[in-house]
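Structure first, commentary second.
Values reported hereafter were calculated over all heavy atoms of this structure, with side chains retained and with hydrogens, waters and symmetry mates removed. Sequence lines set the chain letters: A, B, ... in the order given, protein chains first and strands last, and positions in each chain run from 1. Just so we're clear, the structure is a prediction, and the values are computed from it rather than from any experiment.
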There are 2 protein chains.
Amino acid sequence: MGEDRAMEANDAEGSVPDAGPEDTAARPHTGRRRNEAVRRAILDAALRLLVESEGAPITVEAVARAAGVGKQTLYRWWPSKGAVLLDALTDRAGQDVPPPDTGSLREDLRTVVAATFDAAQRAPWAPALRTLVREAATDPHLAELLRAYTGTRRALLRDVLDRGRARGELPADRDLDLVVDQVYGLFWYRFLLGHAPLDRAAAERLTDSLLAPGTP
Amino acid sequence: MGEDRAMEANDAEGSVPDAGPEDTAARPHTGRRRNEAVRRAILDAALRLLVESEGAPITVEAVARAAGVGKQTLYRWWPSKGAVLLDALTDRAGQDVPPPDTGSLREDLRTVVAATFDAAQRAPWAPALRTLVREAATDPHLAELLRAYTGTRRALLRDVLDRGRARGELPADRDLDLVVDQVYGLFWYRFLLGHAPLDRAAAERLTDSLLAPGTP
DNA sequence: ACTTTAACGAGACCGACAGTCTCGTCAAGC
DNA sequence: GCTTGACGAGACTGTCGGTCTCGTTAAAGT
């Protein structure tokens, strides 16, 4: 995803009036090339600040200074502050494990929920993610990116439920979107407010609550 | 609540060193009195902007201008922008109806959940509340006030559940805090993301999901 | 009436911060 | 060696929350 965003800013240059669409891709690249070390330095600095931030806002200048980079370099490759932060977070932490498929809905669901809760509790990315969500409140661009991200998470969980229902482990008329939202609703609510734990026990009880205790 | 906050700023004046605590309350009020019409004008203007905002941020200057008031007047009575906005919202919309106690947990829960969902869907305060939450992301003061508010909401729902459990409508070992968070978690998740409805049907299904369908 | 006190409207001012612009420099390819 | 574009540095702009100041005005005591 990081590369996609990075390119975005670049091909905006193709908007010369009446230049013809092939002009953008046709002209070979000349001049000095992008320095990969700089990209890494920016991403690393952003992630470090994000992790250490504990909810405090991050400034672009701080990221640039920490990376030893000019602000313009940053804005040359990312469209906004939020994009950099999200990129930094997903670049490292973003290897999504595929949801399990053990043949038992109860088992799969418990695993997914527990993993989600666990990641939010344990990881150093917890404060980072909290900060990111805060930034998203005032950064429409970031909000959109985050919305897309949560969308794929929902879809993944939805798949698990669909498989379970196909196996007859859930009544055919059960509202699966509601179940998905009950999981992530509780998750974000507790994650952002922090008034109650997101531990293993909570995951266990949530799973039991969603699958009626009597269900196989 | 409005009055309380308003006073807060005022008695800060009592912090003269070694003046004695009774000095604050003892000295009769002299000088020009607070103009109630101004308070109303500020609150009304803030609410109007909040309702019309549709998620867009509200500036203090806009509120002051809309109320025909100097910024200092605003800051004389409220400690921050967020406090004004929250005050404006709770001042009008804030008459909390006491939760029902019909003797049936299922009935009470359905009523509370449906009322909560309904209020968020129907009311013109929906965008206002969304804006407020957004502002809270960057305004620690407002975040604290909002946290307190949601705390009382949780406590109210918790009471309903406690009564139900006392009547034996819920197993004694059920995690009631989890149930509460499942309700408000889903609520805020859908309210803020807006990807799925918070209608009567959703309230119905959520209630059924929390109270095992077979329970009396 | 006169004085004191504090609220009021207006708006200058400050500090932070996102994002832009400019400039001198440096590397990649012709 | 010449053109092109990335780079670091940092000045600059615009916005906004919050403070400060000032001249005016209303309430209360004398």
query = Would you call B/Asp159 and B/Arg163 a salt bridge, using N to O less than 4.0 angstrom?
reply = no
query = Do NZ/NE/NH1/NH2 and the carboxylate oxygens of A/Arg158 and A/Asp162 come within less than 4.0 Å?
reply = yes
Any residue meeting ring-ring contact (aromatic ring centres under 6.0 Å, His included) with B/Phe191, in chain and number order, not counting sequence neighbours = B/Phe187, B/Trp188
query = Does a nitrogen or oxygen in the side chain of B/Trp77 sit under 4.0 Å from OP1 or OP2 of C/dA7?
reply = no
query = Between B/Asp181 and A/Arg190, is there a side-chain N and carboxylate O pair less than 4.0 Å apart?
reply = yes
message = Could you tell me if A/Ser53 and A/Thr131 have a donor-acceptor pair between their side chains, going purely by distance under 3.5 Å?
response = yes
query = In whole angstrom, what separates A/Leu49's CG from C/dC17's P?
reply = 13 Å
request  = Assign each of B/Pro57 and A/Gly68 to its nearest nucleotide of DNA chain D by heavy atoms, then name whichever residue's nucleotide is nearer the 5' end.
outcome  = A/Gly68
request  = Look at A/Thr73 and D/dG8 and indicate whether a side-chain polar atom (N or O) is within less than 4.0 Å of OP1 or OP2.
outcome  = yes
key: Residue pair A/Leu43 / A/Leu47, side-chain heavy-atom distance below 4.5 Å   = no
message = What is the distance, to the nearest angstrom, from the CZ atom on B/Arg76 to the P atom on D/dA26?
response = 15 Å
Please tabulate, one pair per line, each protein N/O and nucleotide N/O from nucleotides 17-20 of chain D that are separated by under 3.5 Å, including the distance.
from, atom 1, to, atom 2, distance (Å)
D/dG17, OP1, B/Ile58, O, 3.2
D/dG17, OP1, B/Lys81, NZ, 2.7
D/dG17, OP2, B/Val60, N, 3.0
D/dG18, OP2, B/Tyr75, OH, 2.9
D/dG18, OP2, B/Lys81, N, 3.0
D/dG18, N7, B/Lys71, NZ, 2.9
D/dG18, O6, B/Lys71, NZ, 2.4
D/dC20, N4, B/Gln72, OE1, 2.8

query = Got a sec: does the CZ of B/Arg147 have more than 12 other heavy atoms crowding it under 6.0 Å?
reply = yes
query = Could you write nucleotides 24-30 of chain C as a row of B, S and -, 5' to 3', where a protein heavy atom under 4.0 Å of any base atom gives B, of only sugar-phosphate atoms gives S, and otherwise -?
reply = --BBBS-
message = Between the side chains of B/Asp208 and A/Arg174, is the shortest nitrogen-to-carboxylate-oxygen separation below 4.0 Å, so that they form an ion pair?
response = no
Atom pair distance, as rounded to whole Å: CD in A/Glu36 and P in D/dC7 = 10 Å
inquiry  = What is the distance, to the nearest angstrom, from the CG atom on A/Leu74 to the C1' atom on D/dG10?
reply    = 15 Å
